[in-house]
**Q** 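Could you have a look at this structure, given as structure tokens, before my questions?
When a ligand or atom number is given, it counts from 1 through the structure's own listing order. Basis for what follows: all heavy atoms, side chains included, without hydrogens, waters or symmetry-related copies. Counting from 1, the numbers follow the sequence of the chain as shown.
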Amino acid sequence: MTAIYLDNNATTRTDPSVVEAMLPYFSESFGNASSAHSFGASVGEAVKAARQQLQALLGAAHDHEIIYTSGGTESDNAAILSALEAMPDRNEIVTSKVEHPAILSLCEHLEKTGRAKVHFIGVDKLGQLDIEAYRAALSDKVAIVSLMWANNETGTIFPIEGLAELAKQHGALFHTDAVQAAGKTSIVLKDSAIDMLSLSGHKLHGPKGIGALYVKKGVRFKPLIRGGHQERARRGGTENVPAIIGLGKAAELALAHMAEEQGRVKEMRDRLEKAVLQRVPNCLVNGDRNDRLPNTLNLAFEYVESEAILLHLNRAGVAASSGSACTSGSMEPSHVLKAMEVPEAALHGAVRFSFSRDNQASDVDRVIETLPPIVEKLREMSPFWADAEKKTNDKPVFA
Ligand SMILES: *Cc1c(COP(=O)(O)O)cnc(C)c1O
């Protein structure tokens, strides 16, 4: 029995053709991309070609708007720290309560050390931003707004272009963490109000430890990592050439497979959602079912611990997650679901299934077969379930 991987929001399998594209850059094409001699020149060309592949994925106007980084976390940190330095007369940041720790823990640190005042905007029950609170937080003191394009735990998509336009009205820079959106949904940055955007290789079938930060032409940028003149002096350090080539190839493939994400991948996700809601009582969907990544399904099972479900699923050969990889393994419920005010009974029973183009219809069949009996068995052992069943026997089932 081969194991089924449904944790693609945590990381994806590197596409075999990405690996193939990378291999020569470990051996015969080992030159330094910045060297002037023949060993470097061809490598420099390949690094430029990869930049153009990313430009195409993002619909960016210029390839030099792309800066290679070590991944999503570095891109997020670089964007925020750059804005604070580039706009010394502004010291406020606006972000949301449901961001990835790459943004949240940096913002908490900046606030604690007195380097910035941070507005953490809340969300509603679907995980959508509180627009009134967002408008109220914007002012000419805000250096940067950083809001994620799509949430890694629930897949909820923010109306990012409109949010960026509001930020611009106050002269603030606008950054979006698009690590989950890139490759799953169409992005066109040319003529957009978005100034900066983060993406990561390993979330789109590329290698780990490589990512990119898009910085719109004309936006002032202060480097996070200073050193040589690589990346037009915006990110020092010898280029990670094999990973850059892999990221470029992954971007090209993501663009080519975009319709499949919105088609076949979404169909698998929708079929799983429908089947589980039909078969399992007291189960709800976390996130905005109308504005959601096509690959993500976050289900909350009342009166069961997600860790117990995941353990049994893993034994049955199904790999899923309780949300962000960083919160799983601890008993602390997800900060995203807490911000969404998911009811207490469901807060501890959330399971995230995240698909990719690597999944097959038979994977969905397996989960539909294995998941309902696991939840049923665990509930039979729960005293809370026995109580709840007595109380809610004639209450309609969520569907
Ligand atoms: C995974 C992830 C990151 C971090 O990216 P790394 O490349 O792993 O550093 C940032 N933001 C979101 C939304 C993510 O899902």
**Q** Spell out, as yes or no, whether a donor-acceptor pair under 3.5 Å connects the side chain of Arg51 to the backbone of Ile66.
**A**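 Checked: pair present.
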**Q** Where is the nearest protein heavy atom to atom 11 (N) of ligand 1: which residue, which atom, and how far?
**A**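 That would be Asp177 OD2, 2.6 Å.
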**Q** Which atoms from ligand 1 have a heavy atom of Asn152 less than 4.0 Å away?
**A**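 That gives atoms 13 (C), 15 (O) of ligand 1.
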**Q** Name the closest protein heavy atom to atom 1 (C) of ligand 1, giving the residue it belongs to and the distance to 0.1 Å.
**A**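 Looking at atom 1 (C) of ligand 1, the protein heavy atom closest to it is Lys203 NZ, 1.4 Å.
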**Q** What atoms of ligand 1 come within less than 4.0 Å of a heavy atom belonging to Gly71?
**A**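 That gives atoms 7 (O) of ligand 1.
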**Q** Is it the case that the side chain of Arg234 and the backbone of His229 share a donor-acceptor pair, with hydrogens and angles ignored and the cut-off at 3.5 Å?
**A**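 Here the side-chain-to-backbone pair does not exist.
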**Q** Using a 4.0 Å cut-off to any heavy atom of His202, which atoms of ligand 1 qualify?
**A**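 Listed by number with element: 6 (P), 7 (O), 8 (O).
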**Q** If you have a sec, work out which protein heavy atom is nearest atom 7 (O) of ligand 1 and how many Å separate them, to one decimal?
**A**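 Of the protein heavy atoms, Ser200 OG, 2.6 Å lies nearest.
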**Q** Give the residue and atom name of whichever protein heavy atom lies nearest to atom 9 (O) of ligand 1, and the separation in Å to one decimal.
**A**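 Checking every protein heavy atom, the shortest distance to atom 9 (O) of ligand 1 gives Thr73 OG1, 2.6 Å.
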**Q** Please determine if Asp89 and Lys141 form a salt bridge, counting it only when a charged side-chain N lies under 4.0 Å from a carboxylate O.
**A**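 Answer for the salt bridge query: no.
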**Q** Under a 3.5 Å cutoff, is there a donor and acceptor pairing between the side chains of His62 and Glu65?
**A**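 Their side chains do not contain a donor-acceptor pair, so the 3.5 Å distance test is not met.
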**Q** Which atoms of ligand 1 have any heavy atom of Gly72 under 4.0 Å away?
**A**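 What qualifies from ligand 1 is 5 (O), 6 (P), 7 (O), 9 (O).
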**Q** For the backbone of Gly71 and the side chain of Ser75, can you confirm whether one donor and one acceptor N or O come within less than 3.5 Å of each other?
**A**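 Side chain of Ser75 to backbone of Gly71, a donor-acceptor pair under 3.5 Å: yes, one is there.
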**Q** Before giving the answer on ring pair (Phe, Tyr, Trp, His ring centres under 6.0 Å), spell out for Phe39 and Phe30 the whole-Å C-alpha distance, their side-chain angles and the decisive distance to 0.1 Å.
**A** CA-CA 7 Å; Phe39 288 81; Phe30 65 87; 5.7 Å; yes
